[in-house]
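Notes for the one structure printed next.
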Protein chains: 2
Amino acid sequence: MPKIVDHDARRAELAAAMWRVVYRDGVGAATVRSIAAEAGWSPSALRHYFATQTELLVFAMEHVMAEAAGRFTAEARTGPSREVVQRMLEELLPLDRQRVREAEVWLLLAARAQVDPAARERMTEADEGVRRAAELAVSVLTGVQPADEAATARLHALLDGLTLHALLHPDRMPPHRIRDLLAAHLDELSRAGAPS
Amino acid sequence: MPKIVDHDARRAELAAAMWRVVYRDGVGAATVRSIAAEAGWSPSALRHYFATQTELLVFAMEHVMAEAAGRFTAEARTGPSREVVQRMLEELLPLDRQRVREAEVWLLLAARAQVDPAARERMTEADEGVRRAAELAVSVLTGVQPADEAATARLHALLDGLTLHALLHPDRMPPHRIRDLLAAHLDELSRAGAPS
DNA sequence: CGTCGTGGTCGACGATCTTGGGCACGGGCC
DNA sequence: GGCCCGTGCCCAAGATCGTCGACCACGACG
């Protein structure tokens, strides 16, 4: 049998090349050609590992989502306190330049999901992670198990809305303001759960 | 001097043609060529009224935003009650097929704003309208003048987050659920403002 | 009635993603 | 050790997109 390469490793390598391009030049530069050049291959080589550009974007997005999940499960291990919950959710928000760039890719995929059916279904997994984080936060802050479904959905929407505003108006929505608004919402959740 | 046409009228006509295409075939079909064909002109003719595609999108988006504003200032004229505020904000949410399509264009512009500087600044006006609506709602529900700034920003983020989720998971976020979640948030605002 | 600027079309350019055909390399088998 | 054939990879072309430049036509003004 012929030459054998580790497909999973190659896919991870290509995703890493894409993130290098995105971090350095922005999401606008994330073209198939530039990513291939960054990785040192021809554009056609990408097709052996990602049939379409959307697949590459989704794969790369899932990768950073998994990293974020790792960050906040590490946080959660220290115990489900109020501060831990806040830091956990902050891991999902674009509070530094790198995560702003990641959020740009997320937004690009959201827009593409309106057109590309493949992006639509695979995006679902991505923000299921955010939903679960919101669920955990609500459950911890209100002390109710299972977490209130409506409160979870509202927190989830708030997180994505804050992300969107951070991208659209970075001047009006600097990191500390995002943190404050999130804290205000979490405060209300705590009050609602423990009215005493 | 040569032939004279009403530029503003022509621009409105082109925007109307674009919305016909979007309503019928989705935002993915909103290409320069298809819009020109819908309007009955050559693609180059658009350039006399919109230098770039982004300009057309922004203009068309501003048009429907103005319509929405008209709808809810009509509502507001009946008096700033709790029900009026809810209906006013519901005008801004994708609760029917037509406004889902409008929200798709909004999302497309948001993604494009990450790349196209022209889209970025002009998008600002668009969601300033949403921000003002949120401000009015907060002021009415809490009975505090001027409206609490943080509460306004949170409501604004919630509105955009709900819109996003309605687009990404229409099955998990049907219209009545959007309404319920909004109502829950408005209830909390009322309680916070009038604790007695 | 002539002029010239505006309105409009055609064609082309550059960039994009995607696809098909072909070359090379190298591991398995005799 | 030498031959196969399948995998990996590239080149070039196709399709579609937004944008631009050159050109034609019409019509209002002088």
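Residue numbers begin at 1 in each chain, while the letters A, B, ... track the order of the sequences.
What separates CZ of A:R10 from C1' of D:dT7 is a distance of 12 Å, to the nearest Å. Spacing between atom CG of A:L56 and atom P of C:dT16 amounts to 15 Å, rounded to whole angstrom units. For the pair A:F50 CZ and C:dT19 C1', the interatomic distance rounds to 19 Å; values are reported in whole Å. Following rounding to the nearest Å, A:E13 (CD) and D:dG8 (P) show an atom-to-atom distance of 14 Å. Distance CE (A:M18) to P (C:dC17): 12 Å, rounded to an integer number of Å. Counting to the nearest Å, the P atom of D:dG8 and the CZ atom of A:R11 are 13 Å from each other. The separation between B:E55 atom CD and D:dT19 atom C1' is 13 Å, rounded to whole Å. One atom, CG of B:L46, and another, P of C:dG7, lie 14 Å apart when rounded to the nearest Å.
Taking only side-chain nitrogens and oxygens, A:T31 comes nearer than 4.0 Å to OP1 or OP2 of C:dC17. The shortest distance between the side-chain N/O atoms of B:Y49 and the OP1/OP2 oxygens of C:dG7 is not below 4.0 Å. Regarding contacts with the backbone of C:dC17, a side-chain N or O of A:R33 is found under 4.0 angstrom from either OP1 or OP2. For B:T52 and D:dT19, the shortest distance from a side-chain N or O to OP1 or OP2 is below 4.0 Å. For A:R47, no side-chain nitrogen or oxygen approaches OP1 or OP2 of C:dT18 to under 4.0 Å.
No more than 12 heavy atoms of other residues, nucleotides or ligands lie within 6.0 Å of CZ in A:R172, so this atom counts as exposed by the packing criterion.
The base of D:dC11 sits with one of its N or O atoms less than 3.5 Å from a complementary donor or acceptor on the side chain of A:S44. Put simply, the side chain of B:H48 and the base of C:dG7 share no donor and acceptor less than 3.5 Å apart.
Using a 4.0 Å heavy-atom criterion, one finds that A:A45 contacts the sugar-phosphate atoms exclusively.
Between B:Y23 and B:W19, the ring planes are parallel. Angles under 30° get that label, and only those over 60° would be called perpendicular.
Annotation: cation-pi pair B:R11/B:F59 present, NZ/CZ under 6.0 Å from the ring centroid and within 45° of its normal.
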Q) Where do B:R87 and B:E91 land on the salt bridge (Lys or Arg N to Asp or Glu O under 4.0 Å) test, with the steps shown first? A) CA-CA 6 Å; B:R87 280 207 303 274; B:E91 293 290 346; over 6 Å; no

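Of the candidates D:dG8, C:dT19, D:dT19, D:dG8 carries the atom nearest the A:H7 side chain, counting heavy atoms from C-beta on.
Looking at A:R132 and A:E128, a side-chain N of the basic residue comes within less than 4.0 Å of a carboxylate O on the acidic one, giving a salt bridge.
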